[in-house]
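Notes to accompany the following structure.
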Amino acid sequence: MSELRVRFAPSPTGYLHVGGARTALFNWLLAKKQGGTFILRIEDTDVERSTKESVDAILEGMKWLGLDWDEGPFYQSECFDLYKEYVQKLLDDGKAYRCYCSADELNAKRELAMQEGRKPKYDGTCRNRNDHPEGAPYVVRFAAPQGGEVAFDDLIKGRIAFPSEELDDLIIQRTDGTPTYNFCVVIDDASMRITTVIRGDDHVNNTPRQIQLYQALGFPVPQFAHVPMILGSDKARLSKRHGATSVIAYRDMGFLPEALINYLVRLGWSHGDDEIFSMDEMIQKFDINNVGRSASVFNTEKLLWLNAHYIKQGDTERLADLLLPHLSKREVTTLGGPDLMLVVNTLKERAQTLEEMADRAVFYYNAPQAYDEAALAKFEKEHLLAVFEAVAEKLSVTSAVDAAGFDLLFKELCTEKVWKMPQVGQPVRIALSGGTQAPGIGEIVQALGCQEAIRRIQAIRSFVAAR
RNA sequence: GUCCCCUUCGUCUAGCCUGGCCCAGGACACCGCCCUUUCACGGCGGCGACACCGGUUCAAAUCCGGUAGGGGACGCCA
């Protein structure tokens with residue numbers, strides 16, 4: 001075990017979104033690679049907006065992706081006493097003070113400053129007052145050190161420096177006595193002995209304030225790595241209006257966790273020209289220094305390609321299991337129907353998602369109720385009847401049992417009757433599946449079984465004959 | 001408005017630190033051809049980028065300066 005300690009600290013105000021998942025993944029990878037510790041911490045200091053449902057959704061997403069944590073989940077809401085203690089310490093040391101300015105006053109000042117083109121920072125009204133208005137509501141502000149600059153060497157972005165003038169006295173405790181985020185993270189990261197903070201790059205601006213806090217409290221300052229944002233197709237921050245952003249939504253759309261993980265790891269990070277990574281390869285090759293500095297656009301097409309890849313490579317039994325819920329969604333029951341493993345095998349090379357696979361699997365369990373008329377119309381009625389009769393005949397006496405065997409049977413038929421393969425294949429495909437887009441007819445017959453195949457051929461024969 | 005960050009094909013990116021091997025490589029998407037029993041898979045090929053302007057240098061995607069564009073932050077949210 002190395003000394004490395006990292007954490008993923010989502011706030012439970014919604015589900016786990018892909019951006020958060022990627023941040024979690026980078027943390028996890030680094031911990032795995034270096035034999036460090038990965039900690040999960042729930043940042044629920046905002047009691048108003050945090051919900052149990054969100055916590056569950058986040059844990060569900062993490063588990064589905066396979067991002068297991070070594071410690072936690074810890075909840076900030078359970079550490080309020082600890083935060084209070086440190087607020088008091090800062091107060092006692094004269095490094096924090098009570099501020100009696102009302103939220104309304106502050107908002108007004110902020111707006112005015114913005115209008116006048118000034119930096120909307122706190123003006124320090126209460127910083128030097130010594131009176132303590134009896135019973136008046138107050139917040140506690142951190143007295144930010146002034147002068148000079150605060151700088152840090154970001155593992156991803158390099159050195160970043162802020163003039164201290166830019167940093168104002170941030171509120172560390174609200175009127176209601178609860179601590180605020182920027183204060184809690186520092187206390188938590190310090191008390192959990194986090195050595196490397198990997199988080200979204202929207203936190204860059206918080207970092208100097210947090211560093212001042214670490215220093216004021218006498219804590220060692222961890223290393224920081226700010227991961228660039230994930231954008232939507234219009235290059236704006238990825239949000240619901242760009243499509244799904246929830247990890248679980250991707251699961252429900254039929255994506256495999258390894259595909260999402262592989263996609264996410266390549267968004268912002270690269271290892272030469274490599275595209276496909278197993279978890280082990282990722283762990284072995286991951287290096288935080290190779291994470292890019294610029295934001296990247298989420299591209300569903302590539303995710304789809306990766307998903308198709310993992311479906312193709314996937315273990316059939318596992319895929320069959322994963323496919324089940326997608327089938328029930330379509331009210332398809334596999335009971336008494338073809339072996340799902342056989343079905344999945346015919347579909348692995350043709351589906352980009354499990355949803356698509358389920359769509360394509362339906363006909364195996366529900367015999368066609370209607371046929372693709374346009375496709376059927378391409379053949380003469382007499383020809384169709386001849387094909388169906390010949391095929392039914394052949395199938396009823398064959399000893400073939402697998403796709404290759406059935407394919408051979410169809411080829412023989414072509415030779416005997418002097419038909420071209422498409423003249424047989426297409427009508428049979430329509431008979432068996434209802435349409436023209438389906439696996440090879442040999443494969444279908446194998447999955448369906450001769451009996452059922454014959455039944456379907458006779459059904460379409462009557463249908464055609466009746467017209 | 002102020003501060004911080006970013007900028008290579010439509011998209012993800014390699015290369016940039018340690019200038020020449022780059023008239024820029026890979027992948028997705030797209031287009032074409034091949035394979036073929038439909039749809040796919042697969043194979044082959046094509047299209048396609050160093051934001052812009054200056055400077056340094058024998059030589060710049062790579063170093064320096066500026067401009068433009070984009071993003072983020074500025075909350076008693078996290």
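To find a chain, count down the sequence lines: A is the first, B the second, and so on, and within it residues start at 1.
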(message) Quick check for you: among B/U38, B/C6, B/C3, whose closest atom lies nearest to any side-chain atom of A/Ser294?
(response) B/C6

(message) Under the criterion ring-ring contact (aromatic ring centres under 6.0 Å, His included), I'd like the reasoning laid out for A/Phe8 against A/Phe38: C-alpha separation, chi angles, the key distance, then a yes or no.
(response) CA-CA 8 Å; A/Phe8 174 54; A/Phe38 178 49; 7.1 Å; no

(request) Could you measure between the two C1' atoms, the one in B/A24 and the one in B/U38, and give it in whole Å? (result) 41 Å

(request) Provide the distance between the two P atoms, one in B/C64 and one in B/C22, to the nearest whole Å. (result) 24 Å

(message) Under 4.0 Å, heavy atoms only, any strand: does A/Cys101 hit a base, just the sugar-phosphate, or nothing?
(response) base

(request) Determine the Euclidean distance between corresponding C1' atoms of B/U62 and B/C17; express it in Å to zero decimal places. (result) 10 Å

(request) State whether A/Phe388 and A/Arg461 meet the cation-pi test: NZ (Lys) or CZ (Arg) under 6.0 Å from the six-membered ring centroid, and within 45° of the perpendicular axis. (result) no

(message) Nearest to the side chain of A/Lys302, heavy atoms from C-beta on, is which of B/C28, B/C4, B/A73?
(response) B/C28

(request) Could you check how far OH of A/Tyr263 sits from P of B/A29, rounded to whole Å? (result) 12 Å

(request) Using the six-membered ring of A/Tyr122, assess whether NZ or CZ of A/Arg141 lies under 6.0 Å from its centre and within 45 degrees of the ring axis. (result) yes

(request) Grab the CD-C1' distance between A/Glu165 and B/C74 for me, whole Å please. (result) 16 Å

(request) Using only side-chain N and O atoms of A/Lys348, determine if any of them is under 4.0 Å from OP1 or OP2 of B/A40. (result) no

(message) Taking the C1' atom in each of B/C30 and B/C53, what is the distance between them to the nearest angstrom?
(response) 34 Å

(message) Could you go through A/His309 and A/Tyr263, starting from their C-alpha distance and side-chain angles, then the distance that decides it, and tell me whether this counts as ring-ring contact (aromatic ring centres under 6.0 Å, His included)?
(response) CA-CA 12 Å; A/His309 168 83; A/Tyr263 178 71; over 10 Å; no

(message) Is A/Lys312 close enough to B/G42 that one of its side-chain N or O atoms is under 4.0 Å from OP1 or OP2 there?
(response) yes

(request) Give none if B/G1 has no partner; otherwise give the nucleotide forming a Watson-Crick or G-U wobble pair with it, both distances under 3.5 Å. (result) B/C74

(message) Under 3.5 Å for both donor-acceptor distances, Watson-Crick or wobble: does B/A29 have a partner, and if so which one?
(response) none

(message) Between C1' on B/U36 and NZ on A/Lys411, what's the gap in Å once rounded to a whole number?
(response) 10 Å

(message) Heavy atoms only, 4.0 Å cut-off, all strands: where does A/Val297 land among base, sugar-phosphate and nothing?
(response) sugar-phosphate

(request) Could you work out the separation of B/G69 and B/G32 based on their P atoms and round it to a whole Å? (result) 39 Å

(request) Starting from the 5' end of RNA chain B, give me the residue, A/Arg429 or A/His203, whose nearest nucleotide shows up first. (result) A/Arg429

(request) Determine which nucleotide pairs with B/A24, using a 3.5 Å limit on both distances of a Watson-Crick or G-U wobble pair. (result) none

(message) Using a heavy-atom cut-off of 4.0 Å across all strands, would you classify A/Glu275 as base, sugar-phosphate, or nothing?
(response) base

(message) Using a heavy-atom cut-off of 4.0 Å across all strands, would you classify A/Asn182 as base, sugar-phosphate, or nothing?
(response) base

(message) Between A/Glu355 and A/Arg330, does any side-chain N to carboxylate O distance fall below 4.0 Å?
(response) yes

(request) Report yes if at least one side-chain N or O of A/Arg209 is closer than 4.0 Å to OP1 or OP2 of B/C3; otherwise report no. (result) no

(request) Tell me what A/Ala161 touches on the nucleic acid: a base, only sugar-phosphate, or nothing, going by heavy atoms under 4.0 Å. (result) sugar-phosphate

(request) From the options B/C12, B/C41, B/A27, select the nucleotide whose nearest atom is closest to the side chain of A/Trp305. (result) B/A27

(message) Using 30° and 60° as the class boundaries, would you call the ring planes of A/Trp269 and A/His271 parallel, tilted or perpendicular?
(response) tilted

(request) Could you say whether A/Pro163 or A/Arg141 is positioned toward the 5' end of RNA chain B, judged by the nucleotide with the nearest heavy atom to each? (result) A/Pro163

(message) Under 4.0 Å, heavy atoms only, any strand: does A/Ser296 hit a base, just the sugar-phosphate, or nothing?
(response) sugar-phosphate

(request) Can you tell me, in whole Å, how much space there is between the C1' of B/U11 and that of B/G54? (result) 31 Å

(message) For a quick check of understanding: with a heavy-atom distance under 4.0 Å over all strands, which category does A/Thr45 fall into, base, sugar-phosphate or nothing?
(response) sugar-phosphate

(request) Could you tell me whether A/Gly268 contacts a base, only the sugar-phosphate backbone, or nothing, with contacts defined as non-hydrogen atoms closer than 4.0 Å? (result) sugar-phosphate

(message) Nearest to the A/Asn299 side chain among B/U11, B/U7, B/C3, which nucleotide is it?
(response) B/U11

(message) Looking at A/Gly272, is its backbone amide N or carbonyl O close enough to the side chain of A/Ser270 to form a donor-acceptor pair, meaning the two atoms are under 3.5 Å apart?
(response) no

(request) Determine the contact category for A/Asp168: base if any of its heavy atoms lies under 4.0 Å from a base atom, sugar-phosphate if only primed atoms, P, OP1 or OP2 are that close, otherwise nothing. (result) nothing

(request) Choose from B/A78, B/A40, B/C3 the nucleotide whose nearest atom is closest to any side-chain atom of A/Ser11. (result) B/A78

(message) With a 6.0 Å cut-off on the ring centroids, do A/His17 and A/Tyr250 count as close?
(response) no

(request) Identify whether any heavy atom of A/Arg110 sits under 4.0 Å from a base atom; if not, whether one sits that close to sugar-phosphate; answer base, sugar-phosphate or nothing. (result) sugar-phosphate

(request) Calculate the interatomic distance between A/Met421 atom CE and B/C35 atom C1'; express it in whole Å. (result) 16 Å

(request) Quick one: look up who B/U18 pairs with, Watson-Crick or G-U, both distances under 3.5 Å, and put none if it's unpaired. (result) none

(request) Select one nucleotide: of B/C76, B/A78, B/U38, the one nearest the side-chain heavy atoms of A/Tyr181. (result) B/A78

(request) May I ask which nucleotide in the shown strands pairs with B/U38, Watson-Crick or G-U wobble, both distances under 3.5 Å? (result) none

(message) Any base atoms under 4.0 Å from A/Pro10, or only sugar-phosphate, or nothing? Heavy atoms, all strands.
(response) nothing

(message) Among B/C39, B/A78, B/U13, which nucleotide has an atom closest to any side-chain atom of A/Arg266?
(response) B/U13

(request) Ignoring backbone atoms, establish whether A/Thr178 has a side-chain N or O less than 4.0 Å from OP1 or OP2 of B/C76. (result) no

(message) Using the ring centroid of each side chain, check whether A/Phe286 and A/Phe277 are separated by less than 6.0 Å.
(response) no

(request) Check whether any side-chain nitrogen or oxygen of A/Arg360 sits under 4.0 Å from OP1 or OP2 of B/C39, and answer yes or no. (result) no

(message) Rounding to an integer number of Å, can you tell me how far A/Asn107 CG sits from B/C76 P?
(response) 8 Å

(message) Within a 6.0 Å radius of atom NZ on A/Lys109, are there more than 12 heavy atoms belonging to other residues, nucleotides or ligands?
(response) yes

(message) Can you check the distance between B/C63 and B/G15, where both ends of the measurement are the C1' atom (answer in whole Å)?
(response) 16 Å

(message) What's the closest nucleotide to the side chain of A/Asp273 if the choices are B/G26, B/A78, B/C3?
(response) B/G26

(request) Quote, to the nearest angstrom, the C1' distance that separates B/G48 from B/A27. (result) 14 Å

(message) Does B/U11 have OP1 or OP2 under 4.0 Å away from a side-chain N or O of A/Ser233?
(response) no

(request) Name the orientation of the base relative to the sugar in B/C39: syn if the glycosidic angle is within 90° of 0, else anti. (result) anti

(message) Under 5.5 Å centre to centre and under 30° between planes: does that hold for A/His226 and the six-membered base ring of B/G72?
(response) no

(message) Let's see if you can work this out: which of B/C76, B/C5, B/C39 has an atom nearest to the side-chain heavy atoms of A/Ile160?
(response) B/C5

(request) Please determine, for B/A68, whether a Watson-Crick or G-U wobble partner exists with both distances under 3.5 Å, and give it or none. (result) B/U7

(request) Scan every strand shown for a Watson-Crick or G-U wobble partner of B/C63, both distances under 3.5 Å, and answer none if you come up empty. (result) B/G55

(message) By nearest atom, which of the nucleotides B/C76, B/U2, B/C6 is closest to the A/Arg293 side chain?
(response) B/C6

(message) If the cut-off is 4.0 Å, is A/Ser270 near the phosphate of B/A14, judged by side-chain N/O to OP1 or OP2?
(response) yes

